[in-house]
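First up is the structure itself, then whatever we jot down about it.
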Amino acid sequence: MRKKFLAVLLSCIALFVCGSESFEFVDRDIGEILYAVSLYKGFPVTADDTVSGRATFRLAGDDFESDFDAFLESNRMFVDKSGERWVVSRIRFDSGDIGLMSLDALDVTAARMFEEVAKRTGVCVTFENLPQNRMSLHSGYCTVDEIVKRIAGLCPGFEARLTESGFFHVSRSEGAQALSLKNGKAEFRQDEDGKWVCDIQNSPVSYASERLFQAAGKEFCFSLSSDARILRASYSAADFDEALSRLCVLGGTDIAKEGDVYFLSTSKVKDKALSAGRKWRTAEVKNVPLQNFIQLSSRRFPSVQTLALDGGRLMHFSTDEEASEFAAFLAASDVAADSRLVKLKYIRTADFMKNIPPFIDKSSVSDSGMGDSFYFTGSEEAYGRLIERLGEFDRPVSRVSYDLLIMQYQDIDGSDWKPSLKAGRVSLGDMNSASASLGSVLDLNMDVVSAFGMKFAASLQTAITQSKAKVYADTTLNGVSGSSISFQNTNTYRYRDNNLDPETGEPVYSGVTKEIVSGLKLEVTGIVTGDGMITSRVSASVSRQGTDLSSTTGNPPPSSEKVVTTEVRAKSGEPVVLSGLVQEEEGEAVSRVPFLSRIPLLGRLFKSVEKSKERTELVIYLVPTADVFEPDCGNVGNEADGDPDYMMRRAFEEFVW
């Protein structure tokens, strides 16, 4: 709804700016057209509940009201210009000078007509559940009683009766309900020109034929072995014989006449009357896809059968008149459209074909196979619109680079029990001294000092010097906005799958080799938004493989894994820290003196036990940087024209210096 409103509003703004009495709405909602007209004219133009659907409105002159009236007439609508606003409706009610009234209704339900009559005249009209199909009525000037009866006459099986209280009640006539359920609807009448108007719905052939003979006052005789139903038929015929002939075609019956009596019998030849005058003809489609044309022709000529052949040829089963219209339709539709090669500057053809803009018809573009262009088939006007808006989607993708530093911090807690004794004099040389320098930190690829500050750089250097931290990875990852960048530093351990024999307890190898991958995996997806910010989705996992016990237990080596996933939004050059990837491992080492360490109690004097608990944490430092490529370089073009070495110097300064 918002898109429709904006489309109408932009059309009106363009109209006001141009100041021209020329505009066009093609296949748009009628409500939108009337809203735009109200903005254009400066006073309300509304529609009642009888108006719906889509239409086309063109204004190409100075006489707006004449064009608007022609638009309403072509779309079967009226307008009331009295009062402070215009009201568009499909119903027009007019009061005459001598107490007579007229009602004009186009494509409106009978219930809506009764409501309008009651509202305009003050006469109460009640009705039962009326048919919901839309009808048309031109009553001419007559009394209110006559208008109500004429509306009721549009509803088969209903009649309007004036009650003692002075109001009209519209209900089904006696026996109409049972008749409608059994025999459906079959109405035949002659218009002012003598043509027969036929309307049939879910009616047996015998009942419909009988109603037609009764309406014409003809004698008839039936001899039908089956009584097929006609689901729906609405047509007009020039005379009675044509109306009867079409009815028999629908019912599959033959007609014979002796004197003034018509005899109807079941047809022995299926579709004999339907295929009368028709024959198979061939045609060739040269410029448009054959199946597309067959689909269009089936909508244009629903009674003409078509059959596709090889080589763009087809056959159609038609009469001479239908064949002539079919040939004209083929000539108008089978027109070769100009194809033009459109070059893309920044994006690939495959990406364009996956995301075709909505203002481009998908059937009008095709891949050229060269990777950087496509063919466009369409009119000169459509091609001009495409070239005009090509820059909306053929734009360079921003580059994103990540300075990546992964540090492994270790913290070992342990207890050592061993029998030892040492005595000595304390001297000043026993004091520990520590100093920190930035030598190792300055050798890193990442500019730690600029990103995190001098204090952090000094702390990091101290941890590296004291072997409490080591550099796990130090690199730069490059990609484009919207794509994923992966980094992996893993070890792959392969082992043979086995099971323990339940009888012997020995491992039995299956001959299948399996793998355990341990280490660090990192995946970053960065998107550069319009405000220059970088939204990064980071997923990191670190895993560790335990001791191999497969030879004794039959089980694969144990492994542990820590996973961290987050999404951050930062400025270009603003660092991001990802922590929480912690691994802990406990160990115990025992040293013994042979034989003596086995003596009870005293043996503890001849062995030492060392327990340790190692805590390892991986911390990931990311510094995202966006490099937005600008295709328009201002005066760069002039400078490059004057200096042939300009582009070489610019590339050197950007990528080397």
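The structure displayed is predicted, hence computed values, not measured ones.
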Step by step, would you call F71 with V79 a side chain to side chain contact (heavy atoms under 4.5 Å, CB included)? CA-CA 11 Å; F71 158 70; V79 62; over 6 Å; no
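- Nearest approach of V170 to A160, heavy atoms of both residues: CG2-CB, 4.0 Å.
- Salt bridge present: D320 and R281 bring a charged side-chain N and a carboxylate O closer than 4.0 Å.
- Judged by distance alone, the side chain of T163 and the main-chain N or O of F167 form a donor-acceptor pair under 3.5 Å.
- Side chain of S209 to backbone of V205: a donor-acceptor contact under 3.5 angstrom is found.
- For F301, the ring-ring contact (aromatic ring centres under 6.0 Å, His included) partners are F326, F329, not counting sequence neighbours.
- Remark: side-chain polar atoms of T349 are paired, donor with acceptor, to backbone N or O of G371 under 3.5 angstrom.
- Ion pairing between E159 and K149 fails under the 4.0 Å rule for side-chain N and carboxylate O.
- T126 and H169 share a donor-acceptor pair across their side chains, judged by distance under 3.5 Å alone.
- Side-chain atoms of S236 do not come within 3.5 Å of backbone N or O of V197 as any donor-acceptor pair.
- There is no side-chain donor-acceptor pair under 3.5 Å between S38 and R85.
- Side-chain atoms of K185 and D199, non-hydrogen and from C-beta on, do get closer than 4.5 Å to each other.
- A donor-acceptor contact under 3.5 angstrom links the side chains of E210 and Q214, judged on distance only.
- For R90 (side chain) and R76 (main-chain N/O), a donor-acceptor pair under 3.5 Å exists by modelled atom type.
- Judged by distance alone, with hydrogens and angles left aside, the side-chain atoms of S297 form a donor-acceptor pair with the main-chain N or O of I294 at under 3.5 Å.
- Of the N and O atoms on the side chains of S364 and T377, not one donor lies less than 3.5 Å from an acceptor on the other residue.
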Would C142 and M101 satisfy side chain to side chain contact (heavy atoms under 4.5 Å, CB included), going step by step from the backbone distance to the final call? CA-CA 5 Å; C142 56; M101 306 170 188; over 6 Å; no
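- Side chains of T56 and D27: no donor on one and acceptor on the other come within 3.5 Å.
- Taking F352 as the reference, F374, F393 meet the ring-ring contact (aromatic ring centres under 6.0 Å, His included) condition, with sequence neighbours excluded.
- Remark: K343 engages D372 in a salt bridge, criterion side-chain N to carboxylate O under 4.0 Å.
- The aromatic ring centres of Y262 and F240 sit less than 6.0 Å apart.
- With salt bridges taken as basic N to acidic carboxylate O contacts below 4.0 Å, none links K119 and E115.
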Side chain to side chain donor-acceptor pair (under 3.5 Å), that's the test. Do R120 and S95 meet it? Break it down for me. CA-CA 9 Å; R120 293 299 188 97; S95 299; over 6 Å; no
Apply salt bridge (charged side-chain N to carboxylate O under 4.0 Å, His left out) to the pair R389 and D394, showing each step before the final yes or no. CA-CA 9 Å; R389 303 184 62 178; D394 186 19; over 6 Å; no
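- In this structure a side-chain-to-backbone donor-acceptor pair under 3.5 Å is missing from D193 to K195.
- Summarising the local packing, CD of E392 is surrounded by more than 12 heavy atoms from other residues, nucleotides or ligands at distances under 6.0 Å.
- With no hydrogens or angles considered, a side-chain donor-acceptor pair links S368 and S373 at under 3.5 Å.
- In this structure, D107 contributes its side chain and R134 its backbone to no donor-acceptor pair below 3.5 Å.
- Side-chain contact of T143 with D145: a donor-acceptor pair under 3.5 Å is absent, judged by distance alone.
- Remark: R340 is positioned above the aromatic ring of Y383, its terminal NZ or CZ atom under 6.0 angstrom from the ring centre and at most 45 degrees off the axis.
- Under the 4.0 Å criterion applied to side-chain N and carboxylate O atoms, R385 and E388 are not assigned as salt-bridge partners.
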Verdict with reasoning, F57 to F68, per side chain to side chain contact (heavy atoms under 4.5 Å, CB included): CA-CA 8 Å; F57 178 36; F68 187 68; 4.1 Å; yes
Are L130 and F158 close enough, and set up right, to give a side chain to side chain contact (heavy atoms under 4.5 Å, CB included), and what steps lead you there? CA-CA 8 Å; L130 299 176; F158 286 82; 3.7 Å; yes
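- Remark: the backbone N or O of Q295 is paired with a side-chain donor or acceptor of S298 at under 3.5 angstrom.
- Defined by atom type and a distance below 3.5 Å, a donor-acceptor pair is present between the side-chain atoms of Y141 and D94.
- Every residue two or more places apart in sequence or in another chain was checked for a ring-ring contact (aromatic ring centres under 6.0 Å, His included) with W196, and none qualifies.
- With sequence neighbours excluded, the residues forming a ring-ring contact (aromatic ring centres under 6.0 Å, His included) with F220 are F213, F222, listed by chain and number.
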Under the salt bridge (charged side-chain N to carboxylate O under 4.0 Å, His left out) criterion, do D367 and R348 qualify, and how do the steps go? CA-CA 11 Å; D367 194 345; R348 298 177 301 175; over 6 Å; no
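- Screening D80, D104, D48 for a salt bridge (Lys or Arg N to Asp or Glu O under 4.0 Å) involving R92 leaves a single residue, D104.
- Annotation: salt bridge (Lys or Arg N to Asp or Glu O under 4.0 Å) contacts of R300 (sequence neighbours excluded): none.
- Looking at E242, its side chain does come within 3.5 Å of a backbone N or O of A238 through a donor-acceptor pair.
- Contacts of D49 classified as salt bridge (Lys or Arg N to Asp or Glu O under 4.0 Å), with partners at least two apart in sequence or in another chain: R112.
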